[in-house]
Amino acid sequence: MSDLASLLARPETADDPYPAYDLLRETDRVLWVEEMGRWLVTGHREALFLLCHDRVSVNRHLLDDGVPPEQKPRGLPFIDPPDHTRLRALVQQAFTPGAVERIRPEAEKLADELLNAADDRDEVDIITDFAGPLPAITLASMLGIPPEDHDLFRSWAAAIVEAIDPVSHQLVSDAGLQERVSMQDYLTDIIAQRRQRPTEDLISGMVEAEESGDRLTGTELMEMCVVLTIAGVEATTNMIGNGVNALLDHDDQLARLRSEPQMIRTAVGELLRYDAPIQVAGRIPLEDIELDGHRIGEGQSVGVLLGGANRDPEVFPDPGRLDLARSPNNHLAFGRGIHFCLGAPLARVEGSVAISMLVNRFPGLHRAGPGKRRANVHVRGFMSLPVALR
Ligand code: HEM
């Protein structure tokens, strides 16, 4: 194994991948790693080029990787135009900054309730007690899942996300597949109910769009709900967990955020840049592409390392420093181009509500033990992050 490939496989790289990204970038900003059969891109400029290139696909069916076609991932993030354009237009409206701003009071109420429930405990796990439930329940409520089923929805979301292989995106356990089937059956019922009696929720909105233009089939609609859950819940949980972790490592920045609460907007962007929840965006060129003196072949696998691009010193002065006021901050934590994160406005609202409320309500917030990272270099987050609130 080459030095670089073995470096990427080391457990300490899963814990802190940034030194490895720096080494990759210094070696070559666009690098073929034979052992992985994959190009790795760590330069910001090169990452932008690929993410915005109209001859670069997200369709995993183009990869000759031995994964059976029925197990390849489906849904919006893995579809190219023209289908992508049609599907995205149908849900886009619900996720505009104006639309999600209306969710803020509800997210604040929920965050308050979760913190009330944790308030008198000696030790709290930021992930299971706060960062996990907040996005799952917020999304359930947007979709129109009745409150009595929110816990059920939350446990499905967690079980499905847990069972997804980060590289192939396929569900790797029978238990995960079973949970997905249960969730799909449940959603099919809810969709049928909304067809009969529409309400003000996102599922009713999508049903209406489907019926008016016959543009979203029943299966596409149900899959869209599953994709929103898979794409949205874990990344937001990890944003809150990674963000709180970074603040606990940087007392000066935490103090600054408490004394200047309006800084939360730039703070959320910087926390996302500093430790991005989604570290890799997979791409497959539809034709040979020249980049930095390399020829990336048609059909080859490319890993655009968002976390690496976010630490590129060509774009971010002193990239390893957390600076909550950093401006400009052209980070790629939400990707770029036509697949730019649909849920970014929602994630920003949830992130700012969660982090502001936690740090301002509990001035004595501190670690109660070491956090436990997920052993996964693609989706970066914590399994547990124990803190004491006082
Ligand atoms: C901080 C939290 C989040 C982060 C860091 C994040 C990150 C990303 C990234 C990097 C992509 C692009 C992937 C690519 O280009 O291959 C993406 C796409 C996507 N995200 Fe997010 N996401 C977050 C929250 C959400 C939320 C809350 C939702 C919805 C409820 C959501 C739904 C989606 C969808 C549907 C796509 C695919 C968009 C498309 O292909 O057009 N995400 N996200």
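Keep in mind that the numbers below use all heavy atoms, side chains included, and drop hydrogens, waters and symmetry copies.
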What pairs meet the salt bridge (charged side-chain N to carboxylate O under 4.0 Å, His left out) rule with one or both residues in residues 228-240, with sequence neighbours excluded? E234-R374
Write out all pairs satisfying salt bridge (charged side-chain N to carboxylate O under 4.0 Å, His left out) with one or both partners inside residues 296-312, taking only residues at least two apart or from two chains.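 Passing the test, one end in residues 296-312: R29-D312.
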Is the backbone of [Y] close enough, under 3.5 Å, to the side chain of [X] for a donor and an acceptor to pair up by distance?
{"X": "T13", "Y": "A9", "result": "no"}
{"X": "E260", "Y": "L257", "result": "no"}
{"X": "T266", "Y": "R326", "result": "no"}
{"X": "S57", "Y": "P285", "result": "no"}
{"X": "R336", "Y": "C52", "result": "no"}
{"X": "S182", "Y": "Q178", "result": "yes"}
{"X": "S204", "Y": "P198", "result": "no"}
{"X": "D149", "Y": "I145", "result": "no"}
{"X": "R380", "Y": "Q279", "result": "no"}

Could you walk me through whether R45 and D292 pass the side chain to side chain contact (heavy atoms under 4.5 Å, CB included) test, one step at a time? CA-CA 10 Å; R45 180 168 30 89; D292 279 3; 3.6 Å; yes
Below 4.5 Å, heavy atoms only, C-beta onward: do [X] and [Y] meet side chain to side chain?
{"X": "L271", "Y": "M239", "answer": "no"}
{"X": "E270", "Y": "N329", "answer": "yes"}
{"X": "L8", "Y": "L24", "answer": "yes"}
{"X": "L228", "Y": "L202", "answer": "yes"}
{"X": "E123", "Y": "V387", "answer": "no"}
{"X": "H84", "Y": "D80", "answer": "no"}
{"X": "R25", "Y": "L40", "answer": "no"}
{"X": "Q184", "Y": "C225", "answer": "no"}

Side chain to side chain contact (heavy atoms under 4.5 Å, CB included) assessment of V56 paired with I289: CA-CA 9 Å; V56 172; I289 284 181; 3.4 Å; yes
Going by ring pair (Phe, Tyr, Trp, His ring centres under 6.0 Å), name the pairs with one or both residues in [range], residues two or more places apart or in two chains.
{"range": "residues 5-27", "value": "Y18-Y21"}
{"range": "residues 104-156", "value": "W156-Y186"}
{"range": "residues 251-295", "value": "W39-H294, H250-Y274"}

Taking the six-membered ring for Trp, are F334 and H331 parallel (under 30°), tilted (30 to 60°) or perpendicular (over 60°)?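 F334 vs H331 ring planes: tilted.
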Pairing of [X] and [Y] as salt bridge, 4.0 angstrom limit:
{"X": "R60", "Y": "D65", "answer": "no"}
{"X": "D112", "Y": "K109", "answer": "no"}
{"X": "D125", "Y": "R367", "answer": "no"}
{"X": "D323", "Y": "R256", "answer": "yes"}

Just by distance, with hydrogens left out, do S301 and R38 show a side-chain donor and acceptor under 3.5 Å apart? yes
With no hydrogens and no angle check, do the side chains of R283 and N59 hold a donor and an acceptor under 3.5 Å apart? no
If you link ILVMFWY side chains whenever their heavy atoms are less than 4.5 Å apart, which other residues fall into the same cluster as [X]? By chain and number, please.
{"X": "V58", "value": "none"}
{"X": "F316", "value": "V315"}
{"X": "I338", "value": "none"}

By salt bridge (charged side-chain N to carboxylate O under 4.0 Å, His left out) - contacts of R194 (at least two apart): D201
Partners meeting side-chain hydrogen bond (donor to acceptor under 3.5 Å, both in side chains) with R10 (sequence neighbours left out): none
Among all residues two or more places apart in sequence or in another chain, which pass the side-chain hydrogen bond (donor to acceptor under 3.5 Å, both in side chains) test with R390?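 Residues passing side-chain hydrogen bond (donor to acceptor under 3.5 Å, both in side chains) with R390: D119.
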Let me check something: do V302 and L63 share a hydrophobic cluster, defined by ILVMFWY side-chain heavy atoms less than 4.5 Å apart, either directly or through other members? no
Identify whether M383 and I240 are in the same connected component of the hydrophobic contact network (ILVMFWY, side-chain heavy atoms under 4.5 Å). no
In residues 341-350, what donor-acceptor pairs under 3.5 Å come from side-chain atoms, sequence neighbours left out?
{"from": "E350", "atom 1": "OE2", "to": "T138", "atom 2": "OG1", "distance (Å)": "3.3"}

Given side chain to side chain contact (heavy atoms under 4.5 Å, CB included), test N245 with D249 step by step and report yes or no. CA-CA 6 Å; N245 179 62; D249 277 347; 4.1 Å; yes
